[in-house]
Amino acid sequence: MLKAAQPDRPDALTWVFLGLGLLLLPAGLYLALSAPPDVNQGYLARIMYLHVPGAWLGYLAFFVTFLYSLLYLFRQDPRYDRVALASAEIGLVFMGLALVTGMLWARPTWGVYWTWEPRLTTTAILFAVYVGYFLLRGAIEDPELRRKAAAAVGILGFINVPISYMSVKWWRSLHQTQSIDLTTGKIHMDPAMLQALLFNLFVFTLLYLGFVRFRAFLAALEARKEEV
Amino acid sequence: MKRVLLLALRDLRLEVRDRSGLLSVLAFFAVMLFIMALALGPEEGPLRRAAPGVLWVALAFGSTLLSTRAFALEVEEGTLDDLLLTPGGKEWIYFGKLLFQMLLLLPLALLSLFMAAGLFYLPLERLLSLFLTLALGVLGYASVATFYAGLLARLKGREVLLPLLLFSLVVPVVLASVRATMGLVEGLPLGEVSPWWQLLLVFDVVYLTASALLFPLVMEG
């Protein structure tokens with residue numbers, strides 16, 4: 001993802017992703033707020049336009065961490081570790097966003113902020129796994145051991161992602177099943193709402209790409225400072 | 001294969017000869033079960049319902065205590081590097097340590113099952129099925145615990161970090177084991193319990209292969 005081993009400033013692509021993402025964010029918000037209200041839930045359903053991209057990017061980010069952790073273990077190049085770190089950090093933020101928006105939605109719909117339901121529980125556990133990832137990073141002084149240990153957690157922790165994604169199907173729980181089911185490719189949603197959701201997913205993904213590249217660049221700066 | 005067995009037996013002999021470590025883990029199990037029984041008691045119904053959860057949480061704590069021991073001696077004596085220097089792949093170290101863990105944990109798990117049965121009014125009619133659940137669940141714990149213990153062996157704060165990392169990862173194992181145990185204790189037909197066994201088996205295989213593949217990569221260098 002980052003070509004130079006010691007970049008002085010973020011490259012052009014990073015700025016393109018960040019700029020486009022930030023520019024399109026208001027448009028996404030507009031679409032989300034002008035989308036038709038849901039038949040059952042009314043305007044409350046609009047929280048979905050924030051909740052779904054948050055969860056999706058959480059999963060995506062953890063997948064990227066998994067991929068780059070593997071790459072790091074096989075190639076031993078610190079650049080891969082920096083991308084894994086950046087992605088995990090941003091994934092944690094988006095996962096947190098998904099958890100918070102989910103709780104805000106659950107209170108008026110289910111009557112409680114939190115229930116011990118499989119999707120919620122597995123997501124919270126997933127969140128805890130990556131909190132552990134950063135605790136571990138913070139605890140190890142030796143840079144090489146730190147990178148290796150983090151990569152191991154990044155790989156093993158990812159096992160929880162498919163569990164979390166599939167939990168609504170396996171346990172047939174309170175949480176809604178996926179509106180866009182990646183395993184079968186079926187879509188259960190009003191076209192206007194779907195458009196708004198897809199647009200928001202796209203904008204958030206752009207933002208994620210920009211953030212990851214920028215954060216990896218910052219990590220490179222930090223690494224250089226650590227060496228001096 | 002021979003090396004795996006040798007390593008496990010050597011560790012087992014050291015552990016049994018020392019005794020203090022084993023005894024402290026056993027005492028920990030007993031105290032924990034007592035405190036939980038005291039906190040949840042004294043009615044029979046709630047105690048029986050809580051028993052599977054208490055048992056598996058106690059086992060989770062116990063397995064982290066034991067897994068730090070698997071590598072603690074090697075680090076103290078400075079023999080870890082000798083082990084890593086032996087020619088050939090490094091997987092056998094992982095499997096040896098895992099076997100050692102299982103040899104210690106299985107009898108301990110069985111013992112704590114009996115203790116839990118005594119303190120929490122658990123019926124033990126289906127001992128064989130219960131033992132199968134114990135074996136599958138303990139293997140799930142031990143596979144990840146051994147891997148992390150090796151990874152963190154050279155670290156100072158490992159006693160605190162290990163449970164933090166481990167517990168969030170083995171939650172699926174805890175869940176499936178507790179459900180299977182609960183089903184067995186409540187007398188559900190085996191057909192309703194076996195999906196949880198399948199799930200446990202899947203987790204065991206996934207964790208075991210992932211840990212065995214990662215172990216050499218992480219320990220080298």
Side-chain angles (χ1 to χ4, degrees), chain A residues 62 66 69-76 78 80-81 92 95 116-118 120-167 170-173, chain B residues 53 64 75 80 84 90 94 140-141 143-176 178-179 195-196 198-200 202-221:
Chain A
F62 295 148
F66 166 74
S69 299
L70 267 181
L71 271 175
Y72 173 74
L73 279 187
F74 282 107
R75 301 268 174 78
Q76 305 280 340
Y80 295 126
D81 173 66
L92 204 55
M95 219 43 171
W116 292 107
E117 179 270 344
L120 273 58
T121 313
T122 47
T123 311
I125 292 162
L126 194 62
F127 193 77
V129 168
Y130 287 89
V131 169
Y133 178 88
F134 286 102
L135 285 174
L136 183 68
R137 286 197 89 102
I140 305 179
E141 296 267 330
D142 173 32
E144 204 190 323
L145 183 62
R146 182 202 304 152
R147 292 195 288 260
K148 274 185 186 163
V153 178
I155 293 167
L156 278 180
F158 184 71
I159 295 173
N160 276 330
V161 169
I163 297 174
S164 169
Y165 183 77
M166 295 303 291
S167 58
W170 287 352
W171 280 281
R172 307 205 164 278
S173 61
Chain B
T64 50
V75 174
L80 187 57
L84 289 170
K90 309 277 179 286
Y94 172 73
Y141 279 177
S143 59
V144 188
T146 310
F147 174 74
Y148 273 141
L151 180 66
L152 302 176
R154 301 191 188 92
L155 275 188
K156 282 228 177 65
R158 58 173 179 269
E159 288 84 1
V160 188
L161 263 178
L162 187 72
L164 258 177
L165 291 171
L166 186 64
F167 288 158
S168 43
L169 208 59
V170 294
V171 164
V173 176
V174 179
L175 182 88
V178 169
R179 286 296 174 86
W196 294 110
Q198 286 166 16
L199 198 63
L200 269 176
V202 170
F203 281 126
D204 286 356
V205 171
V206 169
Y207 284 137
L208 208 62
T209 34
S211 308
L213 288 176
L214 283 175
F215 189 79
L217 287 171
V218 169
M219 294 305 281
E220 263 168 284

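Chain A is the first sequence line, chain B the second, and so forth, proteins listed ahead of strands; every chain is numbered from 1. Note: hydrogens, waters and symmetry copies are ignored here, and every other heavy atom, side chains too, is used.
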Sequence-distant partners of B:Y94, side chain to side chain donor-acceptor pair (under 3.5 Å), two or more places apart: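 None.
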Contact origin within A:I159 toward chain B - heavy atom pairs under 4.5 Å: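 When you check distances to chain B, only side chain atoms of A:I159 fall under 4.5 Å.
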Contacting region of A:I155 [heavy-atom separation from chain B under 4.5 Å]: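 For A:I155, side-chain heavy atoms alone lie under 4.5 Å from chain B.
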Option in B:L161, B:L152, B:V144 with maximal non-hydrogen atom pairs under 4.5 Å from chain A: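 When all of B:L161, B:L152, B:V144 are compared, B:L161 has the most.
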Portion of B:F215 that has a non-hydrogen atom of chain A nearer than 4.5 angstrom: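 Contact with chain A: none, neither part.
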Part of B:F167 within contact of chain A (heavy atom distance under 4.5 Å):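 No part of it gets close to chain A.
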For the residue pair [X] and [Y], what are the closest heavy atoms and their distance?
X	Y	result
A:I125	B:S168	CG2-O, 3.1 Å
A:L145	B:L151	CD1-O, 4.4 Å
B:L214	A:A152	CD1-O, 4.3 Å
B:L169	A:G157	CD1-CA, 3.7 Å
A:Y133	B:L165	N-CD2, 4.4 Å
B:P172	A:N160	CG-OD1, 3.6 Å

